[in-house]
Amino acid sequence: MSHWLLKTEPAEWSWENQASNSGVSKWDGVRNAQAQKLMRTMNVDDLCLFYHTGKAKEVVGIVRVLKTLYPDPSDASEKCGMVDVKEVCAFKVPVTLAQLKQEESIKDFMLFRQPRLSVVPVSQDVWEKICELGGVDISDLSEVSTKATRKSAAEEVAAKGSLDKSSKKHKRRKRNAS
DNA sequence: GCCAACGTTGGC
DNA sequence: GCCAACGTTGGC
């Protein structure tokens, strides 16, 4: 499984927006060729850091890839694709870019070297570090992921109730309020 | 197919 | 608001 960082300008699409609609959304509007190439390699259940650019400049939560790349109808050239993502959890504490830049252990994070790229690969080291800083328990995430992998994402959504029932240890995730 | 000029992104 | 770093466009 791979990890990613997805950037968004909160004025256009924020974590609060993501949390609505059962936390599910299309990640459309990506036009950059390199970002498209990276998105193409995303797999179902890959986990992504949800990053606010602009004034905020901080990682605020985690989303999971629900559907791999498919055509983005908002692209007139019909060449660009998009993925579907679903909210996994919010960070207990947002992790700022300034904070990350001070971390000696993740100096080679691609986010620093290519600040304009809106889809950034995240190494395991960086993933663990950022989740730790955000107050998120990674083992809790792998439980969700492993379970989801057994069924396709579509099935998971459809069979949500039965999944909940059949899993003794299942921890109920926070439903989006608002 | 090169490259200058221009546009865009996003950190500072 | 500025500017560095890219990306894109279009003339040649």
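In the text below, chain A, chain B and the rest are named by the order of the sequence lines, each starting its count at 1. Owing to the predicted nature of the structure, the values given are computational and were not obtained by experimental measurement.
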Any base atoms under 4.0 Å from [X], or only sugar-phosphate, or nothing? Heavy atoms, all strands.
| X | result |
| --- | --- |
| A:Glu9 | nothing |
| A:Arg31 | nothing |
| A:Phe112 | nothing |
| A:Leu97 | sugar-phosphate |

Grab the [atom1]-[atom2] distance between [X] and [N] for me, whole Å please.
| X | N | atom1 | atom2 | answer |
| --- | --- | --- | --- | --- |
| A:Leu117 | C:dT8 | CG | P | 12 Å |
| A:Lys79 | C:dT8 | NZ | C1' | 13 Å |
| A:Gln99 | B:dG11 | CD | C1' | 17 Å |
| A:Lys37 | C:dG7 | NZ | P | 12 Å |
| A:Leu5 | B:dG11 | CG | P | 10 Å |
| A:Asn32 | B:dT9 | CG | C1' | 10 Å |
| A:Leu6 | B:dG10 | CG | C1' | 16 Å |
| A:Leu111 | C:dA5 | CG | C1' | 14 Å |

(Q) I'd like to know if the side chain of A:Ser22 and the backbone of A:Val24 have a donor-acceptor N/O pair within less than 3.5 Å. (A) no
Q: Kindly say whether A:His52 contributes a backbone atom to a donor-acceptor pair with the side chain of A:Lys7 at under 3.5 angstrom?
A: no
**Q.** Nearest-nucleotide pick for A:Lys57, side chain only, options being C:dG7, B:dG11, B:dG10
**A.** B:dG11
Q: Please tell me which of the listed nucleotides, C:dG7, B:dG11, B:dG10, lies nearest to the side chain of A:Lys101?
A: B:dG11
**Q.** Partner of A:Phe50 by ring-ring contact (aromatic ring centres under 6.0 Å, His included), out of A:Trp13, A:Trp4, A:Trp15
**A.**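 Single pass found, and it is A:Trp15.
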Q) If we ignore angles and hydrogens, is there a donor and acceptor under 3.5 Å between the side chains of A:Gln124 and A:Glu128? A)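 Side-chain D/A pair, A:Gln124 to A:Glu128: present.
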Q | Any A:Gln114 side-chain N or O less than 4.0 Å from OP1/OP2 of C:dA5 | A | no
(Q) Does any part of the side chain of A:Asp84, heavy atoms only, come nearer than 4.5 Å to the side chain of A:Tyr70, both counted from C-beta? (A) yes
